[in-house]
Amino acid sequence: CVACLVCVAWAWVLRATRPRRAARDRPVAVVGGAFSGLAFAARARAAGLRVVVFDRREDNAGVWNVRHLANTGSQLQGDSVLYRDCSDDATPSCAYPSRAEVERDLARKARALKEQGIEFRMNCEVVGLEDLGEGGGVRVRWTHGGREESEVFDSVHLRTGSLSQPRMPTTRGLESFNGRSCLGVADGIEQMPIERARVIVVGAGAFAVEAAKRAVELGAVSVTMLARSFNAPCPRFMIHHGGVAQLQFKNAFVREEMDA
């Protein structure tokens, strides 16, 4: 699941920030046009508000677009709060729908919201917010096609998700490492010479599990997962689903890194 550990937080946010009725005839702005943004936009529209959704990209896939963060093999729990809040008009084909299916469902949801009167401004990156004081609303500044524009909204709701920009860790001694390294997102592992290689995966979260599984499928001699703490669900998943994932237990070791 790419959204590991954030769905509960999003569920709380969506319940705790019910859209209020606008006091004036101004729309509300939603920044972020994927799961969280679409769910909030739908709730705001149902409350009778005019809604404008901004997204800096050209689609509503968010991190689920393989060019952005998700891997081709990424999956999402079909019964997660994300699907319940955002894809009420779509039933997942299985318990863990694929990245491609998630992306299609998000596009379908966005089309449905457009038909309900919600405006989408894609390829528009919000670059500034200005509070105009009590009753004055919020001025939103964004760029589109190299040109900056602005408009005053009744309120602004940030729904850009909880996943940050991935970064390569700065580990002591990494500069003397003679092998190759990559981030475990956006199909980075597909560009590595994995066959007959010994692979180490740093981390034991959702992307780490995907990377370990994929490394074995690509013919790695061994795959070692290195994490700061022991995460029991990860190796259990690998053991119990090894036949489906073609992942043998001998290829999946979790070594606990002890604090000095």
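All values reported here derive from a predicted model rather than from experimental measurement.
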Derivation of the side-chain contact (heavy atoms from CB on, under 4.5 Å) call for V138 and L132: CA-CA 6 Å; V138 181; L132 300 180; over 6 Å; no
Residue pair R45, R43: steps toward the side-chain contact (heavy atoms from CB on, under 4.5 Å) verdict: CA-CA 5 Å; R45 185 60 181 165; R43 292 168 67 88; over 6 Å; no
Pair E115-R111, salt bridge (charged side-chain N to carboxylate O under 4.0 Å, His left out): steps then yes or no: CA-CA 6 Å; E115 293 175 357; R111 289 194 298 269; over 6 Å; no
Check against side-chain contact (heavy atoms from CB on, under 4.5 Å), V51 and F40: CA-CA 10 Å; V51 183; F40 187 87; over 6 Å; no
Salt bridge (charged side-chain N to carboxylate O under 4.0 Å, His left out) evaluation trace for E101 with R99: CA-CA 5 Å; E101 182 176 347; R99 179 208 58 79; over 6 Å; no
Candidate pair V156 and V140, rule side-chain contact (heavy atoms from CB on, under 4.5 Å), full reasoning: CA-CA 8 Å; V156 178; V140 177; 3.5 Å; yes
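The two residues G136 and V152 have their closest heavy-atom pair at O-CG1, 3.5 Å. Closest approach of S74 and F207 over heavy atoms only: OG-CE2, 4.3 Å. In terms of heavy-atom proximity, A41 sits nearest to V53 at CB-CG2, 3.9 Å. Taking both residues in full, the closest heavy atoms of A211 and I189 are given as O-CD1, 3.4 Å, listed atom of the first, atom of the second, then distance. Taking every heavy atom of both residues into account, V126 and W142 meet most closely at CA-CB, 3.9 Å. Across all their heavy atoms, V52 and P27 have their closest contact at CG2-CB, 4.2 Å.
R50 contributes no side-chain N or O that, together with a main-chain N or O of V28, makes up a donor-acceptor pair within less than 3.5 Å. Side-chain N or O atoms of H144 include one that pairs as donor or acceptor with a backbone N or O of N123 at under 3.5 Å. Under the 3.5 Å distance criterion, the side-chain polar atoms of D187 are matched with a main-chain donor or acceptor of T72. Listed for the R159 side chain is no donor-acceptor partner under 3.5 Å among the backbone atoms of G33. Side-chain atoms of N60 never come within 3.5 Å of backbone atoms of A34 as a donor-acceptor pair (strictly under, hydrogens ignored). In terms of modelled atom types and a separation under 3.5 Å, the side chain of D131 and the main chain of G133 share a donor-acceptor contact.
Under the 4.5 Å side-chain contact rule for hydrophobic residues, V63 and M122 share a cluster. In this structure, V31 is not a member of the same hydrophobic cluster as F35, with clusters built from ILVMFWY side-chain heavy atoms closer than 4.5 Å.
One finds the CD1 atom of I194 at 6.0 Å from the CG atom of L218 (value rounded to the nearest 0.5 Å). L129 CG to S150 OG: the interatomic distance, rounded to the nearest 0.5 Å, is 11.5 Å. Distance CG/L69 to CH2/W64: 9.5 Å, rounded to 0.5 Å. Summarising the geometry, atom SG belonging to C124 is positioned 12.0 Å from atom CD belonging to E148; distances are rounded to the nearest 0.5 Å. Atom CD1 of I118 sits about 11.0 Å away from atom NZ of K114, to the nearest 0.5 Å. Remark: R214 CZ to E190 CD distance equals 4.0 Å, nearest 0.5 Å.
V30 is not listed as a side-chain neighbour of F54, based on a closest heavy-atom distance of 4.5 Å or more.
Among residues two or more places apart in sequence or in another chain, the salt bridge (charged side-chain N to carboxylate O under 4.0 Å, His left out) test is passed with R121 by E119, E151.
The cationic atom of R26 (NZ for Lys, CZ for Arg) does not lie both less than 6.0 Å from the six-membered ring centre of F153 and within 45° of the ring axis.
Side-chain atoms of D59 and N65 include a donor-acceptor pair closer than 3.5 Å.
The residues K213 and E210 are annotated as not salt-bridged, no charged nitrogen and carboxylate oxygen being separated by less than 4.0 angstrom.
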